[in-house]
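Quick notes on the structure that follows.
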Amino acid sequence: MRTGAPEVPATGVWAEVVGQPDAVGTLHAAADAARKQVRGEPVPPGAMTHAWLFTGPPGSGRSIAARALAAALECEDPSELGCGRCTACRTVLQGTHADVKLVVPEGLSISVAEMRALVQASARRPSTGQWRVVLIEDSDRLTEGAANALLKAVEEPPPRTVFLLCAPSDHPEDVSVTIRSRCRVVQLRTPLAGAIAEVLRERDGIDPQLAEWAAEVCGGHIGRARRLATDEQARERRESVLRIPLGLRRFSDVFTAASGLVKLAETEAVTANEERNETEREELKTAMGAGGTGKGTASATRGANAALKELEKRQKSRATRSQRDALDLALVDLAGFYRDVLVTRTGSGSALNHPDFARSSREAATEWTSESTLRRLEAVLECRTALNQNVKPLIAVEAMLATLFTG
């Protein structure tokens, strides 16, 4: 990402991109070049490109920044790029713009069939806006076949099509080298706690003290800060996770804590998807003519049952991903706790990940050596790796907690 980009006021769609002034400047300049390009005006070489890769740690706002660029490209306001008020901006942010295709993987991967259909759609000219935009969240979930299908489109893009990819990093494990080499990379950073707290106060109307606390303990994840500040159950789940390290007093506690942690993730996944699942089922039944009478209803019922089975399959895949994501978030909290113990033992004075659990980290620092704390931290990281490799969650978590108990 180039530096020295002009500073852009935090208004319109850009107000959503928290704590990323350099990235906003780069994206705003690109949208301006794109508008000039549409009008046939000369633009500097490389000011606007057909493929972008947004990278950054979880919570840095990769998909939010990508949506802001998509909205700015389609914005109808002649005097402002990404005004946030016009129909185009609103529909892009809501995911309903006819020329902006959002790919949000609901399962553990993005299939080659899905990507081929997307590539075909991307070849069409824009129907209502100035650009056809393909925005792929979690592009690190592309299968090898899907990545190859996307590569062909990125190599020979249609003249008015832009690809926006989001991934944790530009490492080959996240994005293939061939795709990355054809993208302009925008690297986002972890937002500072002060910027997150300001957004929670000013935009969400959250009590200042609660906003400060949520910003401090969210690990730089804006979405999580908002959940912690507004959802008491989310705060309770976090506390139950952070009580685990000092709660392992007997070996039997390992199995109790493991089942509790996995069940916690399952409950969070059900809560997150329950309402959406029911809405999808009802909409599908209505579309398939449920409750109808007369000629042809038997055939329609068979078709509806088949469609429902396919929907249930997708919902199950989404639930699996949601559970893995919830469990991973708990592991990140645990890793932060052991990091706090090391900070406390060394007396480095660095800010704690969980300042509200400072007493617990001090107690642990007196009981454990630095070596045993590091072993515990490594066990948490190894558990995250195991889950990414599709190890059964309960097995992976039990193995981790056994090491957390023994040190």
Side-chain angles (χ1 to χ4, degrees), residues 50-54 62-63 66-67 70 92 94-127 131-168 170-183 269 272-273 276-277 279-281 283-285 287-288 299-300 302-325 387-390:
H50 70 282
W52 296 76
L53 174 59
F54 295 81
R62 299 185 300 259
S63 61
R67 289 195 189 212
V92 170
Q94 293 166 0
T96 58
H97 194 286
D99 291 324
V100 179
K101 176 62 177 176
L102 299 177
V103 182
V104 184
E106 297 188 337
L108 299 176
S109 63
I110 303 174
S111 69
V112 62
E114 183 179 3
M115 189 50 56
R116 283 173 178 165
L118 183 66
V119 167
Q120 289 180 348
S122 71
R124 306 189 191 107
R125 289 186 61 83
S127 58
W131 296 86
R132 184 168 289 277
V133 181
V134 177
L135 196 166
I136 306 176
E137 296 186 10
D138 300 325
S139 60
D140 52 306
R141 296 179 185 265
L142 289 166
T143 62
E144 183 177 356
N148 289 335
L150 174 63
L151 176 61
K152 294 178 181 179
V154 173
E155 284 180 327
E156 300 176 2
R160 286 285 187 86
T161 298
V162 179
F163 293 91
L164 309 178
L165 313 181
C166 304
D170 59 1
H171 191 277
E173 289 185 358
D174 289 334
V175 181
S176 69
V177 175
T178 49
I179 290 180
R180 182 191 65 193
S181 64
R182 290 161 175 80
C183 295
N273 294 310
R276 181 179 178 185
N277 288 348
T279 300
E280 288 177 342
R281 284 192 291 267
E283 288 178 349
L284 179 60
K285 289 178 181 179
M288 299 297 292
S299 176
R302 287 193 296 271
N305 290 337
L308 279 172
K309 287 183 179 180
E310 180 61 29
L311 175 62
E312 289 170 358
K313 182 179 178 181
R314 293 199 307 270
Q315 290 178 343
K316 184 177 180 181
S317 178
R318 184 167 65 211
T320 299
R321 181 192 171 190
S322 296
Q323 180 188 351
R324 296 290 177 91
D325 289 346
L387 291 173
N388 285 333
Q389 295 172 346
N390 292 326

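Everything numeric here is computed off the predicted structure, so don't read it as measured data. Just the heavy atoms: all of them, side chains too, but no hydrogens, waters or symmetry mates, feed the values below. When a residue number appears, it is its place in the shown sequence, counting from 1.
Taking each heavy atom of Pro168 and Asp174 in turn, the nearest pair found is CB-OD2, 3.7 Å. Considering all non-hydrogen atoms of both residues, Ile179 and Leu150 come closest at CD1-CD2, 4.1 Å. Across all non-hydrogen atoms, the minimal contact from Val175 to Ala167 is CG2-CB, 3.5 Å. Nearest approach of Ala70 to Val133, heavy atoms of both residues: CB-CG1, 4.0 Å. Across all non-hydrogen atoms, the minimal contact from Val103 to Ile110 is CG1-CD1, 4.2 Å. Pairing each heavy atom of Val134 with each of Ser122, the nearest pair is CG2-CB, 3.7 Å.
Checked against salt bridge (Lys or Arg N to Asp or Glu O under 4.0 Å), Arg182 has the following partners two or more places apart in sequence or in another chain: Glu155. In this structure, Asp170 has no salt bridge (Lys or Arg N to Asp or Glu O under 4.0 Å) partners at least two apart in sequence or on a different chain.
Taking a 6.0 Å sphere around CD of Gln94, one finds it holds more than 12 heavy atoms contributed by other residues, nucleotides or ligands.
Distance CG/Leu164 to CZ/Arg67: 11.0 Å, rounded to 0.5 Å. Rounding to the nearest 0.5 angstrom, the gap separating the CZ atom in Phe163 from the CD1 atom in Ile136 is 7.5 Å. Atoms CG and OG, on Asn148 and Ser176 in that order, are 7.5 Å from each other to the nearest 0.5 Å. How far CG of Leu53 is from CZ of Arg180: 8.5 Å, rounded to the nearest 0.5 Å. Put simply, CG on Leu118 and NZ on Lys101 are 6.5 Å apart, with the number rounded to the nearest 0.5 Å. With rounding to the nearest 0.5 angstrom, the CG atom of Leu165 is 12.0 Å from the CZ atom of Arg62.
In this structure, Ser139 contributes its side chain and Cys166 its backbone to a donor-acceptor pair below 3.5 Å. For His50 (side chain) and Thr161 (main-chain N/O), no donor-acceptor pair under 3.5 Å exists by modelled atom type. With hydrogens and angles ignored, the 3.5 Å screen pairs a side-chain donor or acceptor of Arg132 with a backbone N or O of Arg125. In this structure a side-chain-to-backbone donor-acceptor pair under 3.5 Å is missing from Arg116 to Ala149.
For the pair Arg324/Asn390, a side-chain contact is recorded, criterion being any heavy-atom separation below 4.5 Å from C-beta on.
We find that Asp325 and Arg141 are joined by a salt bridge, their nearest charged nitrogen and carboxylate oxygen being less than 4.0 Å apart.
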